[in-house]
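Handing you a structure now.
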Amino acid sequence: MYMKNTNKQISLCLCLLILGLLCVIGCSKKDAAAPDTNTDKSTAGNIAGMGETPGDLTGKEFHFPTAVEITGGIKGDLFVGPQSGYCQKLGCGAFVLLQFNFVNKTGKDTILVFPAGLTFHSQNTEDQNGIILQDIAIALNKGASCKTMIYSFCINEHRHASDVTSIYRFGPITNAAPMVELLDLLKNKNINLKAGEQPDIMGRVGSLQTMVWNLTEGNGLTDLDRDNIGKLENK
């Protein structure tokens, strides 16, 4: 009698174990097959608002904190020299230069983060839209103003580069599949310009800009692009 009860208990445990494994396997398959609703399935050369492709830039809305003011809005610039009056110059890029006059009204020292993939929409359709390829941390002292330059990349090769007459607004954080892939490849690389470093269109900055144009105007990242990404300094 004791042996029969023990066998029944063992059988019941085995059944429960097998059932549990089937549930786990079934759920895993379902999760793997679930579509990624957060990514726009655009292909290289056919991304809305980028290159020559019509339409609005797509992605997640960027919420700028109300306790930080941008006096005068987002303006463009053409060239940033050493005596330009900026208290900090951040990001990476050479053709879409964005100037912000930040006023920190949060009541405390603040780090404002612009996320990788954030786009900037030009009010003039003849000017290039911009994108940043990596997070940018902007340090703002309590109650202080800071004229800040953000370097960004051009996503419309055949339009005009930014200049002092250019006006921009925040676009979405891109969800276009080709761009999302590039952002992922770069997330562990050091690409943002270091303090005092100027954009080098014949070096790292130029190489990254070419990659962006290969996505917005071309057929996607090339083998050379991927090799160049692999050679970038790791964080």
Side-chain angles (χ1 to χ4, degrees), residues 38 57 59-77 79-82 84-122 128-155 162 166 168-176 179-201 203-209 211-212 229 232-235:
N38 295 321
L57 295 167
K60 180 181 178 181
E61 183 179 359
F62 175 65
H63 297 284
F64 188 79
T66 56
V68 177
E69 179 184 343
I70 303 174
T71 305
I74 307 172
K75 301 177 182 179
D77 208 339
F79 173 76
V80 182
S84 56
Y86 289 101
C87 68
Q88 53 188 340
K89 305 167 191 174
L90 307 168
C92 190
F95 298 116
V96 181
L97 279 55
L98 306 164
Q99 55 174 304
F100 300 79
N101 189 22
F102 292 117
V103 181
N104 181 8
K105 298 182 176 181
T106 64
K108 58 183 179 181
D109 292 348
T110 299
I111 299 294
L112 176 64
V113 177
F114 283 177
L118 178 61
T119 58
F120 299 90
H121 190 281
S122 172
Q128 301 163 354
N129 295 322
I131 191 171
I132 60 175
L133 299 183
Q134 204 164 75
D135 290 357
I136 299 174
I138 305 160
L140 302 174
N141 294 330
K142 174 183 175 181
S145 297
C146 179
K147 184 182 177 184
T148 301
M149 165 58 58
I150 299 294
Y151 294 100
S152 71
F153 290 93
C154 158
I155 51 178
S162 64
S166 302
Y168 288 86
R169 59 177 171 81
F170 289 111
I173 303 166
T174 187
N175 66 346
M179 280 293 179
V180 171
E181 180 192 11
L182 178 59
L183 298 176
D184 189 58
L185 291 171
L186 293 174
K187 66 182 180 181
N188 293 319
K189 299 293 184 178
N190 276 321
I191 67 168
N192 286 336
L193 299 174
K194 297 177 175 64
E197 183 182 5
Q198 293 295 318
D200 179 7
I201 61 173
R204 178 176 84 255
V205 174
S207 176
L208 290 167
Q209 181 62 75
M211 294 178 201
V212 171
I229 291 173
L232 291 170
E233 178 186 31
N234 293 324
K235 288 184 176 179

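For the single chain, residues carry numbers from 1 onward in sequence order.
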Task: Over all atoms of both residues, closest heavy-atom pair of V113 and P115 - done: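 Looking at all heavy atoms of both residues, the shortest contact is O-CD, 3.7 Å.
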
Task: Approximate separation, where rounding is to 0.5 Å, of D77 CG and S166 OG - done: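 Answer for the CG-OG pair, D77 versus S166, is 9.0 Å.
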
- [ ] Measure from the side-chain N and O atoms of Q99 to the backbone N and O of G76, and report whether any donor-acceptor pair falls under 3.5 Å.
- [x]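 Flag set: sc Q99 to bb G76 pair under 3.5 Å.
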
Task: Rounded distance [0.5 Å steps], NZ in K235 versus NZ in K187 - done: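 The distance works out to 10.0 Å.
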
TODO: Report yes or no: does Q134 contribute a side-chain atom to a donor-acceptor pair with the main-chain N or O of K189 at less than 3.5 Å?
DONE: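 Judged by distance alone, yes, a pair lies under 3.5 Å.
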
- [ ] Measure centre to centre between the rings of F170 and F120, then say whether the value is under 6.0 Å.
- [x]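 Aromatic pair counts; centres sit under 6.0 Å.
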
Open item on the list: For the backbone of H121 and the side chain of N129, can you confirm whether one donor and one acceptor N or O come within less than 3.5 Å of each other?
Closed with: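 Answer holds: no.
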
TODO: Search all heavy atoms of I111 against all heavy atoms of A137 and return the closest pair with its distance.
DONE: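 Scanning both residues completely, I find the closest heavy atoms to be CG2-CB, 3.9 Å.
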
Open item on the list: With heavy-atom distances below 4.5 Å as the criterion, would you say the side chains of S152 and I131 are in contact?
Closed with: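 Not in contact.
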
- [ ] State whether the side chain of N104 and the backbone N or O of A144 hold a donor-acceptor pair below 3.5 Å, judged by distance alone.
- [x]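 Checked: no pair found.
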
Task: Straight-line distance of I229 CD1 to L185 CG, nearest 0.5 Å - done: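 One gets 4.5 Å once the value is rounded to the nearest 0.5 Å.
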
Task: Any donor-acceptor pair under 3.5 Å from Q209 side chain to A94 backbone - done: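 No, because the side chain of Q209 does not come within donor-acceptor range (under 3.5 Å) of the backbone of A94.
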
Open item on the list: Could you measure the distance from the OG atom of S162 to the CZ atom of F95? Nearest 0.5 Å is fine.
Closed with: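 With rounding to 0.5 Å, OG (S162) is 10.0 Å from CZ (F95).
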
Task: Any donor-acceptor pair under 3.5 Å from T110 side chain to L112 backbone - done: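 Side chain of T110 to backbone of L112: no pair is present.
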
Task: Main-chain N/O of K142 paired to D109 side chain as donor or acceptor, under 3.5 Å - done: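 Judged by distance alone, yes, a pair lies under 3.5 Å.
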
Open item on the list: Test your reading of the model: is there a side-chain donor-acceptor pair from N192 to the backbone of D135, 3.5 Å cut-off?
Closed with: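 Flag set: sc N192 to bb D135 pair under 3.5 Å.
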
TODO: Output, in order, the C-alpha distance, side-chain angles, deciding distance and verdict of side chain to side chain contact (heavy atoms under 4.5 Å, CB included) for Y151 and V205.
DONE: CA-CA 10 Å; Y151 294 100; V205 174; over 6 Å; no

Open item on the list: Could you go through I70 and F102, starting from their C-alpha distance and side-chain angles, then the distance that decides it, and tell me whether this counts as side chain to side chain contact (heavy atoms under 4.5 Å, CB included)?
Closed with: CA-CA 5 Å; I70 303 174; F102 292 117; 4.0 Å; yes

Task: Where Q128 and S122 come nearest, the two heavy atoms and their spacing - done: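 Closest heavy-atom pair between Q128 and S122: O-CB, 3.7 Å.
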
Task: NZ/K75: more than 12 non-hydrogen atoms of other groups inside 6.0 Å - done: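 Counting other residues, nucleotides and ligands, NZ of K75 stays at 12 neighbours or fewer.
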
Open item on the list: Can you tell me how far apart SG (C92) and CG (L193) are? Round to the nearest 0.5 Å.
Closed with: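 Here the rounded value is 4.5 Å.
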
Task: Aromatic contact, F100 with F114 (centres under 6.0 Å) - done: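 Yes, ring centres under 6.0 Å apart.
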
Task: Verdict with supporting geometry, L97 and M149, side chain to side chain contact (heavy atoms under 4.5 Å, CB included) - done: CA-CA 7 Å; L97 279 55; M149 165 58 58; 3.7 Å; yes

Task: Note, L133 side chain near V212 side chain (heavy atom, < 4.5 Å) - done: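 Result yes, sub-4.5 Å side-chain heavy-atom pair found.
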
- [ ] Could you pull out the closest heavy-atom pair between G171 and F62, with the gap in Å?
- [x]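 Residues G171 and F62, closest heavy atoms: O-CB, 4.1 Å.
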
TODO: Hey, could you give me the CD1/CD1 distance between I138 and I150, rounded to the nearest 0.5 Å?
DONE: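 If I round to the nearest 0.5 Å, the distance is 4.0 Å.
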
Open item on the list: When you compare the side chain of T106 with that of L140, does any pair of heavy atoms fall below 4.5 Å?
Closed with: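 Side-chain contact under 4.5 Å: no.
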
- [ ] Without swapping roles, check the side chain of N190 against the backbone of N234 for a donor-acceptor pair under 3.5 Å.
- [x]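 Looks like yes, one N/O pair under 3.5 Å.
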
Open item on the list: Which residue in the set T119, I173, I155 passes side-chain contact (heavy atoms from CB on, under 4.5 Å) when paired with M179?
Closed with: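 Exactly one option meets the side-chain contact (heavy atoms from CB on, under 4.5 Å) with M179, and it is I155.
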
